Protein chains: 2
Amino acid sequence: MSLNRRFSQQKKMIKDALSLLDHPTAAEVYEEIRKDYPQISLGTVYRNLSLMAEEHEILRLSFEGSPDRFDPNVWEHYHIVCERCGRIADTDRSLQPELLSRLDGAVEEATGFRVSGRCLVFRGLCPRCREGIS
Amino acid sequence: MSLNRRFSQQKKMIKDALSLLDHPTAAEVYEEIRKDYPQISLGTVYRNLSLMAEEHEILRLSFEGSPDRFDPNVWEHYHIVCERCGRIADTDRSLQPELLSRLDGAVEEATGFRVSGRCLVFRGLCPRCREGIS
DNA sequence: ATCCGTGCAAAGAATTTGCATACAT
DNA sequence: ATGTATGCAAATTCTTTGCACGGAT
């Protein structure tokens, strides 16, 4: 049942924009590509991003109050959003596996669910925005 | 500058539906209320939910692939979604404050952000869906 | 009597989809 | 030659908003 997917120049441009832009929305990817290739269509951007996310080639991220964002880093990792400027940073290296499995264990015990993954989004102030506040 | 908000029957129905339905979407709240009060309008449901969320009277939750959901429990708490049936459960009591502050601390150290909150969504299989799988 | 909240419908934002053509295989 | 992927535009889905009217204060 797996379809034969072809290589396309547009898909490559989309992946490039993804790495360049850090956690962009589809519209941001579209605008970036348009600089070099104005005939790109927003539908193509959405189509490729959705397909790649389905195939786990990239991640689709959902943040409250913003359109979906996309991430070429498919390793499970987590994010923190600056509540002042909206900047998004990865928290990967900060979360020891030991801490996560204790967390999962606690959740499993309390809910009876079997945990297979997590989506952790922290909120806070980024270094730049912390200056001049206190 | 705070406006005088009035009491309305509709707002009460919406809060009632919220507690009844666990993590419903606006459309689900709307359908529930329509059973008893068919003239309710979806706009009114959205208007009230958005206002209440802004005033921190309820929470607005964003899950990937689903419209926003609403929660009358305003204490910071977390959720787990069944990847088979979509059921959403709370994980509150399971997460010891000690574990969370270690998590926050690790994130702060790695990112330089100051953490002020988190939105934790776990993924897994609910007890019902685990049966008959292995 | 005032003026906020409602119902309705239209507008708006985000995303998906149908179709004819272009292009990778 | 075949059949996906594209560009375009229309369609969907989710959510917000403008306006005249009804209801809470």
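The model shown is predicted, which means the values in this text are computed figures rather than measured ones.
Under a 3.5 Å cut-off, the side chain of A/R118 and the backbone N or O of A/Y78 do not form any donor-acceptor pair. A/E32 places no side-chain N or O within donor-acceptor distance of the main-chain N or O of A/V29, the cut-off being under 3.5 Å. Judged by distance alone, with hydrogens and angles left aside, the side-chain atoms of B/E109 form no donor-acceptor pair with the main-chain N or O of B/A106 at under 3.5 Å.
Counting heavy atoms of neighbouring residues, nucleotides and ligands inside a 6.0 Å radius, atom CZ of A/R123 exceeds 12 of them.
One interatomic measurement links the two molecules: CG of A/D68 to P of C/dA14, which rounds to 10 Å at whole-angstrom precision. One can place CD of A/E64 at 14 Å from P of C/dA14, the figure rounded to the nearest angstrom. Atom NZ in B/K11 sits about 11 Å away from atom P in D/dT25, given to the nearest Å. In this structure, CD of A/E28 is placed 11 Å from P of C/dA14, rounded to the nearest angstrom. If you take CG of B/N4 and P of C/dC4, they are 7 Å apart, rounded to a whole angstrom. Atom CZ of B/F70 and atom P of D/dC14 are 12 Å apart (whole Å). Atom CD of B/E54 and atom C1' of D/dT17 are 14 Å apart (whole Å). Per the geometry, OH belonging to B/Y30 stands 13 Å off C1' belonging to C/dT6, to the nearest Å.
Distances shorter than 4.0 Å separate some side-chain N or O of A/Q10 from OP1 or OP2 on D/dG7. For D/dT4, the OP1/OP2 oxygens have no side-chain nitrogen or oxygen of A/S8 closer than 4.0 Å. Contact annotation: A/S50 reaches the phosphate of C/dT16 (side-chain N/O to OP1 or OP2, under 4.0 Å).
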Worked verdict on A/H77 versus A/L59 for side-chain contact (heavy atoms from CB on, under 4.5 Å): CA-CA 10 Å; A/H77 67 287; A/L59 291 181; 3.9 Å; yes

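Annotation: proximity of residues 38-49 of chain B to DNA chain C (heavy atom, distance under 4.0 Å) is found for B/Q39, B/I40, B/S41, B/T44, B/R47, B/N48, numbered in ascending order.
Summarising the geometry, atom CZ belonging to A/F70 is positioned 5.5 Å from atom OG belonging to A/S50; distances are rounded to the nearest 0.5 Å.
A pairwise comparison of heavy atoms in A/C82 and A/C126 identifies SG-N, 3.4 Å as the closest pair.
Pairs of residues two or more places apart, or lying in two chains, that qualify as ring pair (Phe, Tyr, Trp, His ring centres under 6.0 Å) and include a residue from residues 4-25 of chain B are B/H23-B/H79.
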Dot-bracket summary - DNA chain C, pairs being Watson-Crick or G-U whose distances fall under 3.5 Å, with | when paired to another strand: |||||||||||||||||||||||||

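As judged by a 4.0 angstrom heavy-atom cut-off over every strand, A/Y37 is placed among residues touching the sugar-phosphate backbone only.
In this model, a side-chain donor or acceptor of B/R6 finds a partner on the base of C/dC3 within 3.5 Å.
Between A/E83 and A/L125, some side-chain heavy-atom pair lies under the 4.5 Å cut-off.
Residue whose closest nucleotide on DNA chain D sits further toward the 5' end, between B/R69 and A/Q9: A/Q9.
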